[in-house]
Structure formats: structure tokens, C-alpha cells
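Some notes on the structure that comes next.
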Amino acid sequence: MASGDQFQRFIFEDSQIRGAWVQLDESYQQIGRQAPYPESVRQLLGQALVASVLMSSTLKFNGALSLQAQGDGPVQTLMSECSHDRFVRGLARFDDQAIGDGDFQQLLGDGRMAITITPDQGQRYQGVVPRERDSLAGCLEEYFERSEQIATSLLLFASENKAGGLLLQRLPGHTPEDDELWERINHLARTVEASEMLELDSETLLHRLFNEETVRVFDAEPVAFRCGCSRERTMSALEAIGSEECYSILEEQGSIKMDCQFCHAHYRFNRVDVDQLFTGHTLH
């Protein structure tokens, strides 16, 4: 199987332990080109993108899972999102005057992190992610332990051009044999090198790590960058702002200009557009 922009699930046979692997190449580079990210910010964004893809494997319905963090550190906003069909997007907002080589906690500073699950149909759900661990992976592991009561291990890696990672989960109903297997495969997984995660295809990597276990690997799925913005969705955002505010902007600026934060697409709306939005026809 060709490596790069691929997602793959796997299970350990006759156990309640599952896993997922992902490797991002072109999609990660496309997202990275949206802003002049310093190396430390780019790698943090890469880890967040990997995490969102891996966690999207836990969705039981069509929709999207997003990870958002806000803080008072050099990175003020971090956001990554992956849909059930593996379309991914993300961004980071940062103070380039304050960026250094700090770790995860130093980059974000004090703040809040959350996972939001948005079904295509149904109620949106948001869970708060504890910020007590020294790494993004550690914080997300604690979230699953506390909120979902599911033992989870995450390995997240990112370089300048590639990002990748592994997710392992021990599901409810596990047996004492599963507990022993869980300890064993976690020990093995923690031996992986960044170069292995970023360069090896899934079959080679999983065999190298777990060759003494019986692992069933499912078909690979492609991962791709797709923003999902559109003129129609932007119009919905204008509707949420309200007619009074929209007409005020028109009076002041002559038109309303909106840019997508993820792909930098530009949208411009004139008075005719706003009339149609709020009245269904053009006002004279």
C-alpha cells in the first residue's frame, strides 16, 4: 500500500482492542501553506490534524470531529477537523513575535481545549479536554479515560512535510487476557521512532511493531484536505449576524467581504445579495 494521505483501521484478533493509523503528506502540506507557520507551530498543527483523523475513527455516524484549543500563549488558537469520510482541515493563529521552541503547554499557555462532534443530523456535542499533561497526545488520552472511560494511547508525530500517528483503544468488555495484551502492545508501540511513523507504510510499521500478535488490517482510506466553505454557507453566516449589522456594514463599506479562515477563499456580497437574503427580493 502506498504511504501518504492514508488512514487505516486495525484490530487485534480475539480481543477488545482496536487501533488506527494515519499518515498525512500532501494534505498536511496544503494546510501548512495557508500561513507562514514557524516550525514549532506547524508541528503542533500537524499533531492536531493527525489526532483529529485518528479520533474520527470513533464516530458512529456521518459528521465531523474537531479539536479546538485557545490560550494566552504564543499560539492563541489551534483547530483541526476531520469528517467521517476523512476530509481534513485546520489552522493555527499565533503571535510570531513570541514564538519560540516551547513545548505544547508553553505554546498554548493557559486556556481551554475541547472536542466537538457535529453529526450531519442530530445534536452537536462538545467535551472539555483536560490540559494537565505535557503533550497534546497525553491530554487527549486523559480525555478518553475521564469522559469515555476508554483506555486510549495516542502517538502523534509531525515534521516539516509529513505527519502521522497511531491510536490504540481497549474497549469495554475486555478480559484479563486483553489487559495483558494491552500492556504488551503499548510497550511495543512506545518504541516507535518518528522516522518510522512518518516514512513506513502501515503494513510494514504494524508488522515491525506487532509481528508476534494477530492483527487484522482493514482497507485503507484516502485522506484529503477539503475546506467545505461555500458562498451558501457564508450567506448563512451573514444571516446569523442579522440584517441590521449587515446593512450597517453596507452603508459604511459598500459591500460585505468575508474570507475563509481555512483556505482563504474570498466572498463578496453587495446590497442585492443582502436584500435577497433577508427579504427574498431586491429592495428599491
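With sequence neighbours excluded, the residues forming a side-chain hydrogen bond (donor to acceptor under 3.5 Å, both in side chains) with Asp85 are Ser83, listed by chain and number. Qualifying side-chain hydrogen bond (donor to acceptor under 3.5 Å, both in side chains) partners for Glu145, counting only residues two or more places apart in sequence or in other chains: none. Annotation: side-chain hydrogen bond (donor to acceptor under 3.5 Å, both in side chains) contacts of His187 (sequence neighbours excluded): none. In terms of the side-chain contact (heavy atoms from CB on, under 4.5 Å) criterion, residue partners of Glu142 (sequence neighbours excluded) are, by chain and number, Pro130, Glu132, Arg133, Arg146. Checked against side-chain contact (heavy atoms from CB on, under 4.5 Å), Ala189 has the following partners two or more places apart in sequence or in another chain: Leu155, Leu168, Phe210. Glu196 pairs by the side-chain contact (heavy atoms from CB on, under 4.5 Å) definition with Val192, Glu193, Leu200, Leu205, Arg208, not counting sequence neighbours. With sequence neighbours excluded, no residue forms a side-chain contact (heavy atoms from CB on, under 4.5 Å) with Ser248. Asp273 meets the salt bridge (charged side-chain N to carboxylate O under 4.0 Å, His left out) test with Arg231; sequence neighbours excluded.
Taking the charged nitrogens against the carboxylate oxygens, Glu81 and Arg226 have no contact shorter than 4.0 Å, which rules out a salt bridge. Here Glu199 pairs with Lys162 in a salt bridge; the nearest charged N to carboxylate O distance falls below 4.0 Å.
Phe87 and Leu24 end up in different hydrophobic clusters when Ile, Leu, Val, Met, Phe, Trp and Tyr side chains are linked at under 4.5 Å.
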- [ ] Applying side-chain hydrogen bond (donor to acceptor under 3.5 Å, both in side chains), run through Thr152 and Glu141 and close with a yes or a no.
- [x] CA-CA 5 Å; Thr152 301; Glu141 288 172 352; over 6 Å; no
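Applying the ring pair (Phe, Tyr, Trp, His ring centres under 6.0 Å) test to residues at least two apart or on different chains, none of the pairs has a partner in residues 143-162. For residues 26-37, every residue pair satisfying the side chain to side chain donor-acceptor pair (under 3.5 Å) rule, not counting sequence neighbours, is listed here: Asp5-Ser27, Asp25-Gln29, Glu26-Arg33.
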Can you give each donor-acceptor pair under 3.5 Å made by side-chain atoms of residues 67-74, sequence neighbours left out, with the distance rounded to 0.1 Å?
{"residue": "Gln68", "atom": "OE1", "partner": "Thr116", "partner atom": "OG1", "Å": "3.1"}
{"residue": "Gln68", "atom": "NE2", "partner": "Ser66", "partner atom": "OG", "Å": "2.5"}
{"residue": "Gln68", "atom": "NE2", "partner": "Thr116", "partner atom": "OG1", "Å": "3.2"}
{"residue": "Asp72", "atom": "OD1", "partner": "Asp110", "partner atom": "N", "Å": "2.8"}

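The aromatic rings of Phe269 and Tyr267 lie parallel to each other, with less than 30° between the two planes, well short of the 60° mark.
For the atom pair Asn211 CG and Leu206 CG, the distance stands at 11.0 Å (nearest 0.5 Å).
As a member of the Ile/Leu/Val/Met/Phe/Trp/Tyr network built from side-chain separations under 4.5 Å, Ile11 groups with Phe218.
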